[in-house]
Amino acid sequence: MALRDELLKVIWHAFTALDVDKCGKVSKSQLKVLSHSLCTVLQVPHNPVALENHFKDDDEGPVSNQGYMPYLNRFILDKVQPNSFDKSDFNRMCWTLCVKKNLNRNNLLISDDDTFKVWCIFNFLSEDVYPLIIVPEEIEYLLRKLTEAMGVNWQQEQFEDYRAHLGAKRCGLSAWEFIELIGSGLFSKGMNRQTLSMAINEVYCELILDVLKQGYLWKKGHKRKNWNERWFLLKPDIISYYVGEDLKEKKGDILLSSRCYVESLPDKDGRKCLLMIKCADKSFEISASDKKKKQEWIQAIQTAINFLRDQRLPPHKEGRQKRRELRQKIQAEQDEIAQRMKELQMANEDKQQELEKMRKELEDAATQAALEEKRRLQTQMQLQDRFRQELEREKNIREQVEEQVAQKSTELQQYFQRVKELEEMYKRLEEALEDERQARQEEESVRKLQTRLLEEECSKRLDLERLHLKQQQTIQTTEAEKQELENQRAMKDRALDAAMKQLDELERERKHALEQYGEAAKKLELAASKTKNWKAKVAQHEGLLRLIEPGPKGRQLITNWGPAAFTEAELSLREKSWQKQKNSAMQ
């Protein structure tokens, strides 16, 4: 319903700008052109047959403008999809249809583009009643934002004078009166046109384009890892970055969600004031020009993520809704006070009628008493002598009547005194109601301040908890790595000790084998010498007779130190011993 209401406000300007005949009706051809334009800019399929069937000519002549709303709702607005069209193009189209007929640019100090932006701001801040108007409270809100954007002080007395000049009968301004107020420079005297234009553009970006923050930042590339300066635009659910602030060449978007978070990074690689935006699939490293801008961007991005997490409206839309609710609440209180005053007035009128009735009764009683006195006097003159005793009795009766009249007069004075007391009570009641209204306003201000402080405290507490959790995780990771390194070092020390023992054992065995080999070589040399002597003797005695020597019965063993000086069984035992030492060293 919010999107439909926004579209209806803009379409209302274009519709009311259409030409009407003497009977106050719009021609069908104009409605066809308007419908086709709306379907084109809203990305809705246009059905000319439906328009013809909806607006059939009858004996009354041209189509009435009262019949266009059902067609607009059924065939256009019901088919509009959110985020499927460009709102700026839609506003521009409706602005083009209505500006020439309604706007007088003779006394305006702002450009056509700024006038269009002021018109869009009017549609955002205007009430949801037709014809569209903007109430004084929203006018004050916008003027405050413009003066704040221009860097000047707000003049409350000047606005109160303008509000009084506006008159009590006027409940607000139309779009064109509002544009004339901003464009006349009444509340921007002393400021040049460029400053006013920049202020209008800043407010337009915040209220219409939902820009929470914008400015130049440096962004690190994902592929080349180089740094480029980009113009960043922060919106409630997306961060877009462009080549320049003219927004002509868009380079990319950062989609925000409730699972995203932003954190500060330490300086590295010659870059300072670093921050990182972590999303579900990517992380973006960004560098600000100074620490102040870095902190402002971190707070702005975190605020946008919090709004997404809490499913809240953007700040300016939430503020507009709260201001409307406050106005409705005040209006309800004023209606209640008026109703109570009406009841008191009716009760006062009833008392006045009752007092008037009593006064008439007293007058009738006095008249009746006068008549009775006259008849008594006549009777007394005729029967003075005869009815003297009766005269005395009548005298007593007259005295009693006078006492009653005096008593009635006293009661009348008491009633008048009661009326005065009621009037004083009525005045005190009005004062009490005014005090109560002021107290409620002060209570609302204190409640807003407490809410803001609680939100800031909650944000800081969450930051501290995340920092503490991160420190705990880092400590646990460091302890685990330290323990693993200790275990590896101990294992390597044990393996080194075992290898050293094995090396010593092998060295001892090698020395023992060398000793055995030396003894065997000596024995072999001695045997060879004996054999040589024996061969010489045999050759000397037997001539050509040659000694046939038996060869070795088994295969000869060879080691690293030459022919083996031990048997195969000994070699097998040594191999088993080496294998056990090797397995123990590996364990």
Side-chain angles (χ1 to χ4, degrees), residues 149 151 198 201-202 205-206 209-309 314-315 456 458-485 488:
M198 293 176 62
N201 183 66
E202 181 178 342
C205 290
E206 178 182 354
L209 302 182
D210 294 336
V211 176
L212 302 180
K213 189 172 181 59
Q214 57 184 339
Y216 279 108
L217 294 172
W218 289 84
K219 175 185 172 295
K220 185 178 182 181
H222 288 285
K223 295 182 179 180
R224 297 184 179 180
K225 305 300 181 182
N226 57 339
W227 290 87
N228 296 310
E229 189 176 23
R230 298 288 184 247
W231 178 264
F232 280 76
L233 251 66
L234 171 62
K235 295 185 179 182
D237 58 349
I238 191 172
I239 302 176
S240 303
Y241 49 94
Y242 302 80
V243 174
E245 55 185 304
D246 54 1
L247 309 182
K248 292 183 178 180
E249 185 178 354
K250 187 175 183 179
K251 301 301 290 184
D253 295 318
I254 302 175
L255 299 179
L256 298 179
S257 65
S258 58
R259 294 179 295 176
C260 297
Y261 67 93
V262 59
E263 64 178 357
S264 176
L265 295 179
D267 300 341
K268 63 178 181 179
D269 299 334
R271 285 286 171 183
K272 298 182 178 180
C273 304
L274 295 175
L275 59 103
M276 177 181 288
I277 304 173
K278 290 191 176 181
C279 300
D281 54 347
K282 284 184 180 180
S283 296
F284 300 86
E285 291 188 22
I286 297 172
S287 173
S289 59
D290 52 47
K291 293 182 179 180
K292 181 180 178 182
K293 288 187 177 180
K294 170 186 174 181
Q295 189 63 29
E296 290 177 354
W297 274 98
I298 291 176
Q299 291 179 355
I301 296 172
Q302 188 61 50
T303 301
I305 295 173
N306 293 337
F307 275 104
L308 290 174
R309 185 182 296 113
E456 293 179 355
C458 182
S459 176
K460 291 181 179 179
R461 185 179 293 108
L462 289 175
D463 293 338
L464 289 175
E465 289 179 356
R466 286 197 295 268
L467 181 59
H468 179 70
L469 180 59
K470 185 174 180 181
Q471 290 178 349
Q472 292 295 330
Q473 292 176 353
T474 304
I475 292 173
Q476 292 177 1
T477 304
T478 305
E479 291 293 335
E481 292 177 353
K482 181 179 179 182
Q483 185 65 32
E484 184 177 356
L485 291 175
Q488 292 179 358

Original post:
Restricting to pairs with a member in residues 465-482, which pass salt bridge (Lys or Arg N to Asp or Glu O under 4.0 Å), not counting sequence neighbours?
Top reply: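 Those involving residues 465-482 are D463-R466.
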
Original post:
For residues 226-241, which residue pairs qualify under salt bridge (Lys or Arg N to Asp or Glu O under 4.0 Å), counting only residues two or more places apart or in two chains?
Top reply: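 Salt bridge (Lys or Arg N to Asp or Glu O under 4.0 Å) check on residues 226-241 returns no pairs.
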
Original post:
Do L209 and L233 have side-chain heavy atoms sitting under 4.5 Å apart?
Top reply: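 Heavy-atom side-chain distance check fails, nothing below 4.5 Å.
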
Original post:
Looking at side-chain heavy atoms only, is the closest gap between I254 and C279 below 4.5 Å?
Top reply: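 Sidechains of C279 and I254: in contact.
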
**OP:** Quick one: closest heavy-atom pair of L274 and P266, and the distance?
**Re:**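 Where L274 meets P266 most closely, the heavy atoms are CD1-O, 3.4 Å.
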
Original post:
Looking at P236 and L256, what are the two nearest heavy atoms and their distance?
Top reply: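 What the structure gives for the nearest pair is O-CD1, 4.4 Å.
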
Applying side chain to side chain contact (heavy atoms under 4.5 Å, CB included), can you list everything that pairs with [X], at least two apart in sequence or on another chain?
X	value
D290	K292, K293
E484	Q488
S257	R259, C260
M276	E263, L265, K278, S283, E285

Original post:
Would a distance-only check, ignoring hydrogens and angles, find a side-chain to backbone donor-acceptor pair under 3.5 Å from S287 to K272?
Top reply: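 Indeed, once roles are kept as given, a pair shorter than 3.5 Å links the two residues.
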
**OP:** State the CD1-CD1 distance between I277 and I286, to the nearest 0.5 angstrom.
**Re:**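 Atom-to-atom, I277:CD1 and I286:CD1 are 3.5 Å apart.
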
Original post:
How long is the gap from CG on L308 to OG on S258, to the nearest 0.5 Å?
Top reply: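 Between atom CG of L308 and atom OG of S258 there are 7.0 Å.
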
Original post:
Does any pair with a residue in residues 237-268 pass ring pair (Phe, Tyr, Trp, His ring centres under 6.0 Å), and if so which ones, sequence neighbours excluded?
Top reply: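 Residue pairs passing ring pair (Phe, Tyr, Trp, His ring centres under 6.0 Å), neighbours aside: F232-Y241.
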
Subject >> Residue pairs passing the ring pair (Phe, Tyr, Trp, His ring centres under 6.0 Å) test where at least one lies in residues 271-307, sequence neighbours excluded >> reply: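 Sorted pair list: H222-F284.
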
Qualifying residues under side chain to side chain donor-acceptor pair (under 3.5 Å), relative to [X], sequence neighbours excluded:
X	answer
S264	K294
Q302	N306
N228	none

Side-chain donor/acceptor pairs under 3.5 Å, residues 210-220, sequence neighbours excluded:
from : atom 1 : to   : atom 2 : distance (Å)
D210 : OD1    : H316 : NE2    : 2.8
K213 : NZ     : E296 : OE1    : 3.3
Y216 : OH     : E245 : N      : 3.4

Subject >> Test log, rule side-chain contact (heavy atoms from CB on, under 4.5 Å), inputs V243 and K251 >> reply: CA-CA 7 Å; V243 174; K251 301 301 290 184; 3.5 Å; yes

